[in-house]
Amino acid sequence: MNTPLNKGAFKKRLATKEVTYGTFIGLASPVAVEIAAISGLDWVLLDLEHGAGGEEQVGPTVLAAGAYGATPLVRVESKERIRIGRVLDAGVAGIMVPRIESALEVKEIVKHMSTPPFGDRGVATYNRSARWGKDLDFLNAPSVATCIIQIETLSALNSVDEIASVEGVDVLFVGPADLSFALEIPRDFKNPKFISALEKVVAACEKSGKVAGILAFSPEAAIEYKKLGFKFIAISGDSTFLASAITSALEIAKGEK
């Protein structure tokens, strides 16, 4: 029987360097997850850093996404072992970790994803990741969940080659807003300084066999990022899609557009 984690199927898919598309889920609504999943996205990412919900939304997100064949991922709020372990136990296929500064931090994060002797994740089998005790293979090997590390600080950007070389990392994901602020060019996503930073991340990924990811605020931006070499692309988020659709419909109804 398949599960959302499915023995690391998404991790293996990323390793083929296929371009995948997803979106951020911030509304804390399993229905929003369902709608996003049925719309044809490869993955959905529940945002616990900036989203409206908490860890109680992880289980419903996994079930809602998995029901339609979309891969459920979660951005944890912080890199602490317990935060990562809780989300993994709920059955997600991968985690994203924000505000990273160094390769040393990343090595600790990778440890948190696997049980001893491969890491320091707590051992429990009565949860979704173990199919409620029916599948204990995760105890015998390093984690098969996808590890996504964000590059959004100057320290991370300056250490990107080291970070990319850490075994167990699958994706380096640019947070464009944070990175633009760190570069002192807030939201100037066409600035040569910003583009140069993106190229540096892509180059580090290509050198180490990792996947470069980024958040695109529009479909047009997604096209440009794909041309730069990004292969794990988030297109906006559920709340932004909803707000944009309502605004556009209202402008048309009022004859303002």
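This structure is a prediction, so every number in the text was calculated from the model and none was measured.
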- Task: Spell out, as yes or no, whether a donor-acceptor pair under 3.5 Å connects the side chain of Lys231 to the backbone of Ala212.
- Result: no
- Asp135 and Lys7: salt bridge (charged side-chain N to carboxylate O under 4.0 Å, His left out), yes or no, with the steps? CA-CA 10 Å; Asp135 185 353; Lys7 300 187 183 298; 3.0 Å; yes
- Task: Determine, using the 4.5 Å side-chain heavy-atom cutoff (strictly less than), whether Val87 and Ile25 are members of one ILVMFWY cluster.
- Result: yes
- Message: Would the distance check show the side chain of Gln57 and the main-chain N or O of Gly53 forming a donor-acceptor pair, the cut-off being under 3.5 Å?
- Response: no
- Parallel under 30°, tilted from 30 to 60°, perpendicular over 60°: which one fits the rings of Phe173 and Phe24? tilted
- Message: I need the minimum non-hydrogen distance between Thr146 and Met113, along with the two atoms involved.
- Response: O-CE, 3.7 Å
- Over 12 non-hydrogen atoms of neighbours within 6.0 angstrom of CD in Glu56: yes
- Item | Check: Val160 and Lys200 side chains under 4.5 Å, non-hydrogen atoms | yes
- Message: For Val144 and Leu5: C-alpha separation, side-chain torsions, deciding distance, then whether side-chain contact (heavy atoms from CB on, under 4.5 Å) applies.
- Response: CA-CA 8 Å; Val144 294; Leu5 181 56; 4.2 Å; yes
- Message: In the structure I gave you, are the side-chain heavy atoms of Lys226 and Val19 within less than 4.5 Å of one another anywhere?
- Response: yes
- Message: Between the side chains of Asp178 and Arg99, is the shortest nitrogen-to-carboxylate-oxygen separation below 4.0 Å, so that they form an ion pair?
- Response: yes
- Note on the structure: In terms of heavy-atom contacts, Ile163 and Leu172 come closest through CG2-CD2, 3.7 Å
- Query: Quick one: does Asn6's side chain have a donor or acceptor within less than 3.5 Å of a partner on Ala9's backbone?
  - Reply: no
- Item | Verdict with supporting geometry, Asp120 and Arg81, salt bridge (charged side-chain N to carboxylate O under 4.0 Å, His left out) | CA-CA 8 Å; Asp120 58 10; Arg81 184 190 69 84; 5.2 Å; no
- Message: Show, in sequence, the C-alpha distance, side-chain angles and deciding distance for Ser244 and Thr240, and conclude whether the side-chain contact (heavy atoms from CB on, under 4.5 Å) test is met.
- Response: CA-CA 6 Å; Ser244 297; Thr240 303; 4.1 Å; yes
- Task: Answer yes or no: is there an ion pair linking Lys193 with Asp188, defined by an N-O contact shorter than 4.0 Å?
- Result: no
- Task: State, with a plain yes or no, whether a side-chain heavy atom of Phe189 is found less than 4.5 Å away from one of Ile195.
- Result: no
- Message: Check this for me: does any side-chain nitrogen of one of Glu108 and Lys79 sit under 4.0 Å from a carboxylate oxygen of the other?
- Response: no
- Message: Is there a path of hydrophobic side-chain contacts, each under 4.5 Å between heavy atoms, that joins Ile214 and Phe217?
- Response: yes
- Determine, stepwise, if the pair Ile95 / Leu88 fulfils side-chain contact (heavy atoms from CB on, under 4.5 Å). CA-CA 8 Å; Ile95 61 160; Leu88 291 175; 4.0 Å; yes
- Thr23 side chain to Ser236 main-chain N or O, any donor-acceptor pair under 3.5 Å? yes
- Query: Could you state the interatomic distance from CG (Leu157) to CD (Glu101), rounded to the nearest 0.5 Å?
  - Reply: 11.5 Å
- Ionic contact status for Asp89 with Arg128, cut-off 4.0 Å: no
- Message: Using every non-hydrogen atom in the two residues, find where Ile109 and Cys147 come nearest and quote the distance to one decimal.
- Response: CG2-SG, 4.3 Å
- Query: Got a second to check how far Thr125's OG1 is from Trp132's CH2, nearest 0.5 Å?
  - Reply: 11.0 Å
- Query: Are the side chain of Asn127 and the backbone N or O of Ala130 linked by a donor-acceptor pair below 3.5 Å?
  - Reply: yes
- Message: With a sphere of 6.0 Å drawn around CD of Glu256, does it hold more than 12 non-hydrogen atoms of other residues, nucleotides or ligands?
- Response: yes
- Message: Check this for me: Lys107, atom NZ, are more than 12 non-hydrogen atoms of other residues, nucleotides or ligands nearer than 6.0 Å?
- Response: no
- Query: Counting only heavy atoms not in Lys17, do more than 12 sit closer than 6.0 Å to its NZ atom?
  - Reply: yes
- Task: Kindly compute the distance separating CD1 (Ile223) from CD1 (Ile235), expressed to the nearest 0.5 Å.
- Result: 8.5 Å
- Least distance between heavy atoms, Ile100 atom then Ala156 atom: O-CB, 3.2 Å
- Task: Give a yes or no on whether Ile82 and Val58 share a hydrophobic cluster (residues Ile, Leu, Val, Met, Phe, Trp, Tyr; joining criterion: side-chain heavy atoms under 4.5 Å apart).
- Result: no
- Task: Compare all side-chain heavy atoms of Arg187 with those of Phe181 and state whether any distance is below 4.5 angstrom.
- Result: yes
- Query: Do Val76 and Glu49 come close enough that some side-chain heavy atom pair is under 4.5 Å?
  - Reply: no
- Donor-acceptor contact present, side-chain Ser114 to main-chain Lys111, <3.5 Å: no
- What's the verdict on side-chain contact (heavy atoms from CB on, under 4.5 Å) for Thr115 and Asn140, showing C-alpha distance, side-chain angles and the deciding distance? CA-CA 8 Å; Thr115 57; Asn140 303 315; over 6 Å; no
- Query: Quick one: do Leu63 and Phe10 end up in the same hydrophobic cluster if we chain Ile, Leu, Val, Met, Phe, Trp and Tyr together by side-chain heavy atoms under 4.5 Å apart?
  - Reply: no
- Item | Result of checking Ile35, Val33, Leu27 against Val31 for side-chain contact (heavy atoms from CB on, under 4.5 Å) | Ile35
- Item | Least distance between heavy atoms, Ala90 atom then Gly59 atom | CB-N, 4.5 Å
- Got a second to check how far Leu14's CG is from Thr20's OG1, nearest 0.5 Å? 5.5 Å
- Query: Among side-chain atoms of Arg121 and Ser129, is any donor-acceptor pair under 3.5 angstrom?
  - Reply: yes
- Output the distance between atom CG (Asn158) and atom OG (Ser102), rounded to the nearest 0.5 Å. 12.0 Å
- According to a 4.5 Å side-chain heavy-atom criterion applied to Ile, Leu, Val, Met, Phe, Trp and Tyr, with indirect links allowed, do Phe118 and Ile84 form part of one hydrophobic cluster? no
- Message: Strictly distance-based, threshold 3.5 Å: is any side-chain N or O of Ser218 a donor or acceptor partner for the main-chain N or O of Ala221?
- Response: yes
- Task: Mind running ring pair (Phe, Tyr, Trp, His ring centres under 6.0 Å) on Phe232 and Trp43 for me, showing each step along the way?
- Result: CA-CA 10 Å; Phe232 178 89; Trp43 49 269; 4.1 Å; yes
- Any Thr247 side-chain heavy atom under 4.5 Å of Leu250 side chain: no
- Note on the structure: Nearest heavy-atom contact between Asp170 and Lys11 is OD2-NZ, 2.7 Å
- Going by heavy atoms in the side chains, are Ile233 and Phe230 under 4.5 Å from each other? yes
- Does any N or O in the side chain of Ser165 come within less than 3.5 Å of the main-chain N or O of Glu162, such that one atom is a donor and the other an acceptor? yes
- Item | Separation of Ser29 OG from Asp238 CG (nearest 0.5 Å) | 7.5 Å
- Pair Lys227 + Glu224: basic N to acidic O under 4.0 Å: yes
- Task: Determine whether Leu73 and Ile148 make a side-chain contact, defined as any pair of heavy atoms from C-beta on separated by less than 4.5 Å.
- Result: yes
- Should Glu18 and Arg13 count as an ion pair when the cut-off is N to O under 4.0 Å? yes
